[in-house]
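First the structure, in the form of structure tokens, and then the observations on it.
Numbered from 1 within each chain, the chains take letters A, B, ... in sequence-line order.
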Amino acid sequence: MVAYALRRLLGLVPVLFFVSFVTFGLIRLAPGDPVLIVLGGKKVDPATAAVLREQFGLVGDPFSQYIAWLGRALSGDLGESFRLRQDVVSLIVDRLPLTLELIGLSMLIAIAVGVPLGVLQAHRRNSVIDYAGSLLALIGLSAPVYFSAIVGVLVFAVWLGWVPAFGAGSDPLDQLHHLLLPAAALALGTIALTSRMTRSAMIEALTSDYIEAARAKGLPERTILVKHALRNALIPVVTVTSLQVGFLLVGSVLVETTLGLGGLGSLITDAIQNRDYPVIQATVLLLTVAFSILNLATDLVYGVIDPRIRLG
Amino acid sequence: MFLLNDRRRLPALLTALAIIVVACGGTAVSSPAASGAPGGSGAPSGAPKMGGSITVAVEGEPASMDPAFDYDFVSGLAVDSVTEPLLKFCENDTKLCPNLAESYQVSGDGLTYTLKIRHGVKFHDGSMMTVDDVVFSLNRIRDPKLASYVGWMLANVADVKAPDASTVVVTLSKPDALLEYALAATSAHVVSKKFVEANGDKFGKPEVGSIGTGPFKFVEWKSGDHQKVARFDDYWDKANGGPYLDDITIKILPEPTTRVAGLQTGEIDFIINNIPSDQYATVKAINNVDLTFTNSYYGEWITFNTKKAPFDNVKVRQALNYAFDKKAVRELFYGAEAAPTKATLVNPSLWTFNQPEWQAAWDQLPAYDVNLDTAKRLLDESGVAAQLNGTEIAYYESTPSIKGAAEAFIDSMGKLGIEVKARKVTYQENVALQFGEHNNYDILVASWGSDFPDPSGNLRPNFASENIVAGGANSSAYENAKVDELLAKQNTLVDKAERAKLLIEAQKLIAEDAPVIVTAYPGWPLAVNKRLAGYSVSSLWYWASLFKDVYVK
């Protein structure tokens, strides 16, 4: 399994080269001169613009610009943000933890609500709980995350005053209080998907022969549900849920901008809007790595849940 | 990536929702018009109190704490509290008052500015400000290698010297009517030579910040989240009021609806400028918040690319001016009392000198009030009306009045049987068009506000042909030799009456050539929690130390 993981990680190297090359080209094809955008809609002295262009490494043909960028990147220097005038690596290091906390909390909420809900729905098929769960899933899947975030702010912050309207808080407890709303808004879609997956996988498991056998043995319903049916139903749930981390990452871009969280997501939004090439380049590479490792981790978890799956 | 673009459509949708959900039974919007004089002053009630913390919301991450890179509407809130300029704008921005310089004199030929520097001013690290710091600061902004965003303001400066311990002499290579204003902007903020040299590249960045002589000192800047400044107790000008507040947090909140929600929950105390017009009704409905408007030097307009057919034809441009109902659009977005426009970007609040002459000129200016018959006649006379079909108007959707003006323009063209297409871009792409090569659009919705309290600050950047280049603001690519001559000449004069005469003449020629449709002179919106007092906001708030005299009631 270790050899398998190493091989997969090695395969990441050419992918990263390819992605960096394509990103480099694509962002330069997008309309809008970054120098003019950095200067933010005000008068620019042509001499100043020229110096900035030089500082930003935007002189010469794009291919030699790429080679120059690659040379620096390989030595660990990902450059400086055009707009924020800060080192890209330290920007990412500053901002990544908040996004990870947000996604982690979101995932926790999604699993803690989604899996039990799905089990309950499968257990009480066609009951009020089942229909209510399906309705919730429908809403969760169709409401865009920025929309649920804003509705959440209006209801829970403005009306009820339970949570702050924005921001990330300072100490851990305060931070949990602040992140509850954004994480819940972000989790809605994943709750929906997780509960639907759990429900259908559980229904399938519950109608299989070994469950009949377990029932015939007189095992308590709880044991049948959790120990036998759920464990077997988990594989598709794990696949779908872990792939959801990717969607949570994308969703965090929206929820962070909407709720004023200074994480990686708002950094990406800002960078793309402002044609901040070095930041876009670095964050896209980071996301590539994140997605690849996520997929690998999912494959490895299969082996843990179902020992019949051998990786090698 | 399309998701990100989709976000542009978000504000309208959310606002509709916010108004439905929150402002049920709220008051109707009254005017955001630029009507009152110096706006939004928190009437003092009793003696100011020391202490208290406030939170201010801004829409984006500040560029830097370094004044050299403060040339936008968000960086200045912290920068102008920490570092200070030599002079400051006062009396509703019509005059310059002493600040770190006690006085200044201009030589008869307009080439030498002699500044007396104030003694006894302390930097936040306890060291005294000296003339060396002043000379260092001005030369730093002028240094091409720094690429300061405000370096152009000192472009005509040839030399800066300190002949003695209380005098700084600024020598120009040629007279520059705008130089005195540059002494009150971030281009003349005094930084500590010792601190800047010690920190090198890190100066102004989150890990180091900045020190200055201002009423508040830099505390922290958490990238993407907030900046924080705290009261400086050794402030030199304490005798004239504040600082009173313990500290100020400047919170980055890109989403307008969230900023407004922050006002509702009381988590946000103060928002200047960053309130879209479609949120005015919601903000007005909040009990503990005052929404006021300050005159601005700002204008919004539709600009024709005069280098492209058929917009190179003056009759076409005049016809389109007559076809567009400016009043309807203005009132829709800025209320019934919104200041009426004429065919100039110099709105009445920019008449900072020789006001009677400007008033007389204003009365003569065409307003191009909507008249479809005149529009049709002019189009027929032009003979090129057919070429208008299929032209594109570029605009962004995040500012309601910009989007509204573009949609109304397409509509009014439709009434003439002309099909103009919408070219939707992001705000940043629009910036790149307005300040780019000026050759890659037909029509554009543009906006601009003078950096200085001077009519030339709106006329020269937008209409002198030297600014058709990349980085220049002449978005209509307007070229008129006579206008060029007048605008260049007035800039070399110190006599204001003479300057007014030349500027007024240029204004008239531009109005007749109609390179733009002026749609609005929006005021600056300011929302403040009622627990605050002592604030005053002027047209040039972006160069001002806004929080010095603010206190919690």
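- Ranked by heavy-atom pairs under 4.5 Å with chain A, the first of B:G151, B:P206, B:G436 is B:P206.
- With a 6.0 Å radius and a threshold of 12 heavy atoms from other residues, nucleotides or ligands, A:L173 has its CG atom at or below the threshold.
- Taking both residues in full, the closest heavy atoms of B:D225 and A:G262 are given as OD1-N, 4.1 Å, listed atom of the first, atom of the second, then distance.
- Of the residues considered (A:D33, A:L52, A:L261), A:L52 shows the highest number of contacts with chain B, using heavy-atom pairs under 4.5 Å.
- A:A165 approaches B:E267 most closely through the heavy-atom pair N-OE2, 2.9 Å.
- Atom CD of A:E54 has 12 or fewer neighbouring heavy atoms from other residues, nucleotides or ligands inside a 6.0 Å radius.
- Annotation: the span from A:F166 atom CZ to B:T258 atom OG1 amounts to 9.0 Å, rounded to 0.5 Å.
- By the 4.5 Å heavy-atom criterion applied to side chains, A:V38 and B:Y149 are counted as neighbours.
- A donor-acceptor pair under 3.5 Å is absent between the side-chain atoms of B:E255 and the main chain of A:V255, judged by distance alone.
- Residue B:K222 comes nearest to A:D94 through the heavy atom pair NZ-O, 4.5 Å, listed as atom of the first residue, atom of the second, then distance.
- The two atoms that bring B:K145 and A:V51 nearest to each other are O-CG1, 4.0 Å, heavy atoms only.
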request  = Would you please test A:Q86 and B:E61 for side-chain contact (heavy atoms from CB on, under 4.5 Å) and show each step?
outcome  = CA-CA 12 Å; A:Q86 296 166 35; B:E61 172 121 34; 4.2 Å; yes
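- Enclosure of atom CG in B:D201 is not indicated, since only 12 or fewer non-hydrogen atoms of other residues, nucleotides or ligands lie within 6.0 angstrom.
- Residue A:L98 does not touch chain B at all, counting heavy-atom pairs closer than 4.5 Å.
- For the set A:R275, A:R83, A:E256, A:R95, the entry with the most heavy-atom pairs within less than 4.5 Å of chain B is A:R95.
- B:A432 approaches A:L36 most closely through the heavy-atom pair O-CD1, 3.9 Å.
- Here the side chains of B:T257 and A:Y146 are not in contact, with every heavy-atom distance at 4.5 Å or above.
- There is no contact between B:S75 and chain A, counting heavy-atom distances below 4.5 Å.
- Listed options A:A49, A:P164, A:A157 were ranked by heavy-atom pairs under 4.5 angstrom with chain B; first place goes to A:P164.
- Only the backbone of B:L146 comes within less than 4.5 Å of a heavy atom in chain A; its side chain stays farther off.
- Proximity to chain B (any heavy atom under 4.5 Å) is shown, for A:L84, by both the backbone and the side chain.
- Your options are B:S223, B:G204, B:A261, B:G262, and the one with the most heavy-atom pairs under 4.5 Å with chain A is B:S223.
- One finds the OG1 atom of B:T265 at 13.0 Å from the CG atom of A:L160 (value rounded to the nearest 0.5 Å).
- Taken to the nearest 0.5 Å, the CD1 atom of B:I252 stands 8.5 Å off from the CG atom of A:D270.
- Side-chain atoms of B:K251 come within 3.5 Å of backbone atoms of A:G260 as a donor-acceptor pair (strictly under, hydrogens ignored).
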